[in-house]
Engineer: 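If you scroll down you'll find the structure; I have some questions about it.
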Amino acid sequence: MENIIELKDIHVSFEGEVILDHFNLNIKDKEFVTFLGPSGCGKTTTLRTIAGFIQPSQGKVLFEGKDITALPPHKRQVNTVFQRYALFPHYNVYDNIAFGLRISKTDEKEIAERVSEMLKLVNLKGFEKRNVTSLSGGQQQRVAIARALINNPKVLLLDEPLGALDLKLRKGMQTELKRIQRQMGITFIYVTHDQEEALTMSDTVVVMKDGLIQQIGTPEDIYNEPRNPFVADFIGESNIIEGLMLRDLLVKFEGVEFPCVDKGFGENKPVDVVVRPEDIEITEPKEGMLCGTVESVTFKGVHYEMMVRSENYLWKIHSITYKEIGTRVAMEIIPEYIHIMAKEV
Amino acid sequence: MKKWFQRSYMGLVFLFLYLPIAYLVLFSFNSGKSKVIFSGFTLKNYADLFTDQQIMQALLNTLIIAGISSIVSTIIGTMAAMGIQRLRKWQRNAVMNVTYIPVLNPDIITGISMMLFFSALGISLGFGTVLLAHITFNIPYVILAVMPKLRQVDYSAYEAAEDLGASPALAFRKALLPQIMPGVISGFLMALTLSVDDFVVTFFLRGVEVETLATVIYTTTKTRISLSMNALCGVMVVVVLIILILANLPQKQQKPKKEERI
Ligand SMILES: Nc1ncnc2c1ncn2[C@@H]1O[C@H](COP(=O)(O)OP(=O)(O)OP(=O)(O)O)[C@@H](O)[C@H]1O
Ligand SMILES: [Mg+2]
């Protein structure tokens, strides 16, 4: 697979405040890439740099290998679904979607065909004449997608397009977006700060913090092999505890030795250990096991969320078996579910 | 009782406002020579009016000056408003206060100061100076009409247009201009009426030969007693009325849209 977009050593600052620094990223053709990170970490800034609304003070933006850093937005073959839709309030649905084709002077007959194709794609047939300001959030959002897709962009940029929707609608739109991406066969660069959304939709997730890339990988990689405590904590819930890597395949934390699958850290090296709440199994306490006392139990629908206190750590555990508060329990973790991270220096 | 008082008060106000105009227009149809005794209906005064060389020339001047000055000031004013909108807050406030000064200034000061200015520069007064003056005093009104619309504008629509392939100029025309159009139109109509109306500034800057309707009415009512002046006033009232109605039309269409948005 070819890289469709490459960001090379990008530097962006606003009024002296550095937003992106030495930012490097390659995006492959036909990939669904998600930028994930807390508010203000520079996701929109990165997207606007790709779209051409922001000129980096340093670095290059490449599109299919060609330098497009100096190219203005209207000459780039990418289209954007903006964070707040940015529909044209003075046009109806049809004219909004037709905009791009009218700019390129396509004849009206073809426009009519393409618009109705797009309306079908986003499930808005029959809405042609509606005023965009009279549409619901979800409908406006779909108009914005149709409007951006009608130009047949090679890359579609989506800036938190589902942010304003309620949970149920959001789930529906997630599947729909994924379907559209497959159907059109184009690259989606998607911005969100919802980790679940990122994990379910993407081929590749880019986790960002303060304008720095923390980790790039498949959703499975990011979830199972977080590279640092920030990623581990940001992606799903996790227990992060200090441990000691005794040797390859053996780690010790809370005074108990656990066999694991990680190696290459050296001997007697301090490390961070990540264990997901659903990967801990509760059993009867026995000698030599990691034990603790149940401090709280909350029913969460599919499972109980238990807080269990061991010597130095409060564990979050998702379990389908119920234990009363105050019960003494043992925690079993199989080697595959223990993830070791080198200490940040 | 209170209601009756309110109504008659309103009536009185309108009577004072419109009775003199009605009186003026009524006597434009008088067949006699008197401005006091109505002796019969005629359209002769209007016929006289349209055959009077001096008045027709003045009418032409008025239309040309009003037309050019309102178009030019609308373009300059709209561009200025867009520039002002992008300034920082304190800069914007400063510029807006400066913009208000010519609006609040009495016309006579505007007129005299410009006359002195042009004379100091050695520019002879005439058609050109009148036109320049009209453009100048119209600009602040256009800015004031466009600014509120600009403040409501959704700029992301402009970026969306660029993103969809429109050059900056085209994006402005397709995405921003339609949103501020009501303000631009009302600014333009305001400029048009102000220019047609203006007497004082024109009077100081017209030099010797340039006459507009306002100046011609002023000079002729002093020298000739003619009912064709009444007819001229009648025509102007009707013209201003038409502009007023036009100015209010777009706002009426705008309203239901706004309600939908809420
Ligand atoms: N035009 C601007 N002028 C000054 N600072 C800006 C500008 N745009 C963004 N910033 C700053 O850059 C930083 C990153 O902003 P950005 O919009 O990229 O964040 P984000 O990751 O998209 O956040 P969110 O999830 O809230 O949308 C923020 O600290 C923001 O305040
Ligand atoms: Mg953002």
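Chain A is the first sequence line, chain B the second, and so forth, proteins listed ahead of strands; every chain is numbered from 1. Any value given below was found using the heavy atoms of this structure, including those in side chains, with hydrogens, waters and symmetry copies removed.
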Engineer: Chain A: which of B:Ala175, B:Gly165, B:Ser156 shares the most heavy-atom pairs with it under 4.5 Å?
Structural biologist: B:Gly165
Engineer: Check each atom of A:Leu87 against the heavy atoms of chain B and say whether the ones under 4.5 Å are side chain, backbone, both or neither.
Structural biologist: backbone
Engineer: Against chain B, label A:Tyr91 side chain, backbone, both or neither, depending on which of its atoms sit under 4.5 Å from a heavy atom there.
Structural biologist: side chain
Engineer: Please look at A:Ser104 and chain B and tell me whether the side chain, the backbone, both or neither of the residue comes under 4.5 angstrom of a heavy atom of that chain.
Structural biologist: neither
Engineer: Within the supplied structure, the quantity of interest is the number of heavy atoms (other residues, nucleotides, ligands) at a distance under 6.0 Å from B:Ile108 CD1; does it exceed 12?
Structural biologist: no
Engineer: Taking atom types as modelled, is there a side-chain donor on A:Thr204 or A:Ser202 under 3.5 Å from an acceptor on the other?
Structural biologist: no
Engineer: If we only count heavy atoms from C-beta on, is the A:Leu62 to A:Ile68 side-chain gap below 4.5 Å?
Structural biologist: no
Engineer: Pick whichever of A:Arg147, A:Lys75, A:Gln83, A:Gln77 has the most heavy-atom pairs under 4.5 Å with chain B.
Structural biologist: A:Arg147
Engineer: For A:Phe14, does the CZ atom have more than 12 heavy-atom neighbours from other residues, nucleotides or ligands under 6.0 Å away?
Structural biologist: yes
Engineer: Can the positive tip of A:Arg142 be found less than 6.0 Å from the middle of the six-membered ring of A:Phe127, inside 45° of the ring normal?
Structural biologist: no
Engineer: Measure distances from B:Ala161 to the heavy atoms of chain A and classify the residue's part below 4.5 Å as side chain, backbone, both or neither.
Structural biologist: both
Engineer: Set out, in order, the CA-CA distance, both residues' side-chain angles and the distance that settles salt bridge (charged side-chain N to carboxylate O under 4.0 Å, His left out) for A:Asp194 and A:Arg170, then state yes or no.
Structural biologist: CA-CA 11 Å; A:Asp194 178 342; A:Arg170 199 153 72 215; 3.7 Å; yes
Engineer: Which atoms of A:Arg84 are under 4.5 Å from chain B, going by heavy atoms: the side chain, the backbone, both sets, or neither?
Structural biologist: neither
Engineer: Please determine, by modelled atom types, if A:Gln174 and A:Glu197 share a side-chain donor-acceptor pair under 3.5 angstrom.
Structural biologist: yes
Engineer: Looking at A:Val78, A:Asn79, A:Ile150, which makes the most heavy-atom pairs under 4.5 Å with chain B?
Structural biologist: A:Asn79
Engineer: Under a 4.5 Å heavy-atom cut-off, does chain A meet the side chain of B:Asp154, its backbone, both or neither?
Structural biologist: side chain
